[in-house]
Amino acid sequence: MFTDEQHSEARARMVEHQIRSRDVGDEGVLRAMETVPRHEFVLTGALGSAYGDHPLPIGHGQTISQPYIVAYMTEALGVGKGRRVLEIGTGCGYQTAILAQMGVEVFSVEIVEPLLANARATLDRLGFRVTTRLGDGHQGWPDEAPFDGILVTAAPTRIPEAFVEQLAQGGRLVIPVGETIQDLKIMEKRGGRLETLYNLPVRFVPMVGGGE
Ligand code: SAH
């Protein structure tokens, strides 16, 4: 078992060695990563490696991304306090908590019921206020649109139209797209269309449902 102080030191090391050193410099993102207790979101068996430089299993064949990827995606989204963000793939709720910690208003959709129930319980216990919904993220969340940013943590084979419609002008979409080889795309809505700002090769779990 580890003490709060040990966890907090592990987080500080994680931010220094895995994130800041790889050029994620947004202070809001770094502070959130230093604050949110990642170990509370992972399976008990993985507690000791909660702050390691790798993804971790969260059950139901799903994984929580490597800390650096979470930081990179959050920074790329370019949002801060008071912005509204749609997240697709709540998973264990860690990425959700990072956004909430930054003062973002988060709307998160998850398709696997037990994962959502578990994430909800963790987020509530730790006092993160977020709105979640069980369902297929391919439809986005029409009733809550428009969003200042959309962050997708499961990879569809192509970008669902709903995301383009529900993103505000100037808002960013951060999304892994593709089948076996994927590109993490950072896109921005300009003049009603999405423009790719940059791409990073990545590997995510597939986005299921959506008749794909
Ligand atoms: N951000 C998560 C990582 C989740 S892994 C975290 O911090 O833990 C990707 C998640 O997307 C999984 O939980 C998976 O069940 C979910 N997912 C896959 N397809 C989906 C879909 N169509 N709609 C919503 N969630 C989906």
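All figures in this text were calculated on a predicted structure; none of them were measured in a lab. First listed ligand is number 1; within each ligand, the first listed atom is number 1.
Rounding to the nearest 0.5 Å gives a distance of 12.0 Å between CZ of Arg20 and CE of Met14. Note: Leu116 CG to Thr132 OG1 = 4.5 Å, rounded to the nearest 0.5 Å. One distance of note links CG of Leu77 with CG of Leu151; it measures 5.5 Å at 0.5 Å rounding. One finds the CD atom of Glu144 at 7.5 Å from the CD atom of Glu105 (value rounded to the nearest 0.5 Å). Distance check, rounded to the nearest 0.5 Å: CD of Gln95 to OG of Ser65 gives 7.5 Å.
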Report task. Could you check Glu40 against Leu126 for side chain to side chain contact (heavy atoms under 4.5 Å, CB included), going step by step and ending with a plain yes or no? Result -> CA-CA 9 Å; Glu40 300 276 2; Leu126 298 173; 3.9 Å; yes
Requested in this report: Quick one: do Asp53 and Arg22 satisfy salt bridge (charged side-chain N to carboxylate O under 4.0 Å, His left out)? Show the steps, please.
Outcome: CA-CA 12 Å; Asp53 195 11; Arg22 291 183 185 133; 2.6 Å; yes
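Below 4.0 Å from some heavy atom of Val112 lie the following atoms of ligand 1, by number and element: 15 (O). Listed by number with element, the atoms of ligand 1 under 4.0 Å from a non-hydrogen atom of Gly89 are 1 (N), 2 (C), 4 (C), 10 (C), 11 (O), 16 (C), 25 (N). Near Gly137, meaning under 4.0 Å from one of its heavy atoms, ligand 1 places the atoms 21 (C), 22 (N), 23 (N), 24 (C). Near Leu115, meaning under 4.0 Å from one of its heavy atoms, ligand 1 places the atoms 13 (O), 15 (O). Here is the list of ligand 1 atoms found below 4.0 Å of a heavy atom in Asp136: 21 (C), 22 (N), 23 (N). Distances below 4.0 Å separate heavy atoms of Tyr94 from the following atoms of ligand 1: 7 (O). Atoms of ligand 1 lying under 4.0 Å from any heavy atom of Val109, numbered from 1 in the order shown and given with element: 24 (C), 25 (N). Shown in contact with Gln95 at under 4.0 Å from a heavy atom are these atoms of ligand 1, numbered in order with element: 1 (N), 7 (O).
Judged purely by distance below 3.5 Å, without hydrogens or angles, the side chains of Arg11 and Tyr51 pair a donor atom with an acceptor atom. When only modelled atom types and interatomic distance are considered, Thr96 and Glu87 share a side-chain donor-acceptor pair under 3.5 Å.
No side-chain heavy atom of Leu134 sits under 4.5 Å from any side-chain heavy atom of Ile111.
When the options Glu195, Arg172, Gln169, Gln166 are evaluated for a side chain to side chain contact (heavy atoms under 4.5 Å, CB included) with Lys189, the one that passes is Gln169.
With a 4.0 Å heavy-atom cut-off, ligand 1 is reached by the backbone of Thr90 but not by any atom from C-beta on. Here Thr63 has backbone heavy atoms under 4.0 Å from ligand 1, and that is the only part of it that gets that close.
Not a single heavy atom of His60 sits less than 4.0 Å from an atom of ligand 1. For Gly135, the heavy-atom gap to ligand 1 drops under 4.0 angstrom.
Of the protein's non-hydrogen atoms, the one nearest atom 12 (C) of ligand 1 is Gln62 OE1, 3.3 Å. Looking at atom 9 (C) of ligand 1, its nearest protein heavy atom turns out to be Thr153 O, 3.4 Å. Atom 18 (C) of ligand 1 has its closest protein heavy atom at Ala154 CB, 3.7 Å.
The shortest N or O to N or O distance between Glu110 and ligand 1 is below 3.5 Å. Close N/O approach between Gly209 and ligand 1 is not found [any backbone or side-chain N/O within under 3.5 Å].
Relative ring orientation between His39 and His7 is described as parallel, the plane-to-plane angle staying below 30° on a 0-90° scale split at 30° and 60°.
One option in Val208, Ile69, Val70 has a heavy atom closer to atom 22 (N) of ligand 1 than any other, and that option is Val208. Of the listed options Ile88, Leu56, Ile111, Val42, Ile111 places a heavy atom closest to atom 17 (N) of ligand 1.
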